[in-house]
**Q** 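Dropping the structure in here first, questions after.
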Amino acid sequence: MARQRRAVLAAAGAVAAAGALLLGTLPGQATPTPTAAAPGPAYVYRVHAPLGAAAQDLLGKGFDVLETRDGQDLFVAGDARVGERLRAAGFSAAVDQVVQAPQWTPPAKRWQSPSYTAADMADTYYGGYRTVNAQYAHLDSVASQYPGLATVVDYGDSWRKTQGAGGYDLRAICITKKVSGDCARTPSAAKPRLFVMGQLHAREITTGDVAYRWIDELVTGYGNNAEITSILDTTEVWVVPIANPDGVDIVQQGGNSPILQRKNANGSGCAADSNGVDLNRNTSSGYGTGSSASKCDQTYRGTAANSEVETRALQGLWKQLYPDRRDGGMTTPAPADTKGVVLSMHSYSNLVLFPWGSTTAQKTGNDAALRGMAKDMAQIAGGWGYGQPGEVLYNAGGSTDDWVYDELGVASFVWEIGGASGTCGGFVPAFSCQQSTWWPKVKPMLVYSAKKAANPYGGGTPPPPPPPGCGKKTNDTDVAIPDGGAAVTSSINVSGCAGNAPSGTPVEVHIKHTWRGDVVVDLVAPDGTAYRLKNTSSNDSADNIDTTYTVNLSSEAMNGTWNLKVQDVARYDTGSIDSWSLTF
Ligand SMILES: [Zn+2]
């Protein structure tokens with residue numbers, strides 16, 4: 001822990017030095033007082049606020065306190081007037097950074113499209129970050145490309161949509177190797193569930209991008225990567241890439257002067273980035289701690305606990321996905337065989353947090369297991385800090401992560417992804433930082449979390465290993481297809497897979513041919529039943545077949561010899577079976 005904290009402190013120190021140099025002073029000297037009237041530059045102020053009363057006072061007064069701490073200091077974002085307000089409230093307020101506005105172009109479209117095409121997936125801002133529409137188009141694309149793995153779920157409407165003022169659906173995707181009953185919204189699911197959420201705080205744009213990459217990692221890894229295949233054979237992975245789409249819509253509209261919107265869009269009368277309710281201070285667990293009652297403050301908790309539609313929609317979804325395993329007081333544990341893990345991704349400060357966020361006076365009844373997992377996650381990330389929020393950052397009640405553990409007993413974590421300094425630090429790192437820096441750290445943390453979902457507290461039954469011998473089977477021996485001749489076959493032998501094949505079995509076919517309309521393709525089951533994959537179509541003059549067909553094989557036993565039967569029914573053009581695969 002001490003070693004990890006030092007790394008964080010060193011990084012924050014570097015920022016302080018850089019900020020001071022930018023303003024023409026040296027660390028330790030008096031920093032200039034920004035006096036320009038709004039809308040001037042934005043600043044990050046370093047504020048002396050040790051853990052405890054001072055930190056809570058700062059939050060209670062509604063300052064935009066960033067999710068990062070350096071020893072005795074917290075950091076507050078705002079314009080020149082915020083520096084004056086801090087000093088008037090009795091806080092020290094040294095300028096730590098001058099925030100340079102990134103250059104980005106606003107996307108062309110607002111609000112949800114009635115339907116999506118591949119073109120919508122290219123709708124990005126700030127060098128590649130996906131808009132809400134691009135993320136939603138991606139979900140649809142994944143579900144149609146991988147019907148045996150992915151299911152898109154609409155779990156509610158954003159505040160603006162409920163007002164008939166634009167807005168978005170609230171969308172999740174369930175990814176698993178589907179068998180009957182999977183991805184149903186019932187808490188009695190056979191498979192344990194990992195739930196991963198990004199952009200509850202809209203401006204924390206790294207988190208939506210990480211969610212996007214995780215979805216792709218899962219669906220492309222199934223059948224190709226043993227670890228991912230095993231996860232999806234045994235676990236349901238639920239991903240909400242954008243939990244606050246109205247807020248992200250505001251962020252992405254910022255053009256060359258990005259709007260650092262944190263909250264949802266339920267509010268009016270404040271500055272451009274200050275309307276709305278903080279969705280991570282709005283739940284009924286510890287409501288009121290570390291939040292503000294003033295509507296323009298960044299930590300505004302709303303008019304009542306669970307007042308926001310986005311909050312209630314998430315709570316409704318979690319109640320559908322997880323049985324209630326915990327009742328009683330703050331220290332009552334959930335049973336040791338409780339299943340499931342819920343991750344809420346935020347940025348930044350390279351921390352792993354777990355309940356209680358509302359207080360450090362009490363530890364949860366599952367503290368040892370939660371703390372142990374947080375330590376593992378922090379280590380996988382390369383030495384992040386970890387602890388209850390009040391141990392490493394500040395107390396904050398009304399969070400979704402506290403609510404999940406409080407109400408349901410499910411193991412629940414916050415990841416504060418990102419450094420306070422360096423070229424990839426802050427709220428809005430360059431898009432290239434996602435590939436180079438953050439995804440390589442977060443991916444193994446996600447894999448770890450998925451494996452823990454079956455038995456996070458250690459008292460349950462570990463999941464049975466997947467039946468041996470199942471997974472993806474391929475025959476890549478070429479078979480020539482005679483021109484206008486008899487059918488030819490290519491076979492795959494399956495053994496050791498108990499039971500019938502899935503209702504959505506992917507059958508991947510690669511055939512080289514110079515006029516593919518000549519070709520008819522069938523899959524023949526071990527019992528001789530033929531499933532037509534492709535008919536002839538004399539007008540289709542294109543080359544080659546590279547298609548994954550989804551076939552309902554639920555009445556067929558998996559074991560036995562499967563054949564791909566291919567016939568060229570017209571003269572002149574010819575080709576060969578290149579390869580084909582079955583994935584059970
Ligand atoms: Zn956050």
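We number each residue from 1, following the sequence as shown. For ligands, and for the atoms within them, numbers begin at 1 and follow the listed sequence.
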**Q** To 10 degrees, how wide is the angle OE2 (E67) to the Zn ion (ligand 1) to ND1 (H346)?
**A**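 Vertex the Zn ion (ligand 1), arms to OE2 of E67 and ND1 of H346: 130°.
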**Q** Between E416 and S349, which heavy-atom pair has the shortest distance, and what is it?
**A** CB-OG, 3.5 Å
**Q** Pick from D169, D246, D249: which one makes a salt bridge (charged side-chain N to carboxylate O under 4.0 Å, His left out) with K161?
**A**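 So the option named by the test is D169.
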**Q** Does E416 bring an N, O or S atom to within less than 2.8 Å of the Zn ion (ligand 1)?
**A**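 No, outside the cut-off.
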**Q** In H201, what N, O or S atom is nearest to the Zn ion (ligand 1), if we give its atom name?
**A** ND1
**Q** Check V404, D402, D401 against S285 for a side chain to side chain contact (heavy atoms under 4.5 Å, CB included) and give me the one that passes.
**A**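 Among V404, D402, D401, the one that satisfies the side chain to side chain contact (heavy atoms under 4.5 Å, CB included) with S285 is D402.
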**Q** Can you tell me if D216 and H138 form a side-chain donor-acceptor pair at under 3.5 Å?
**A**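 Note: D216 and H138 side chains meet the donor-acceptor criterion.
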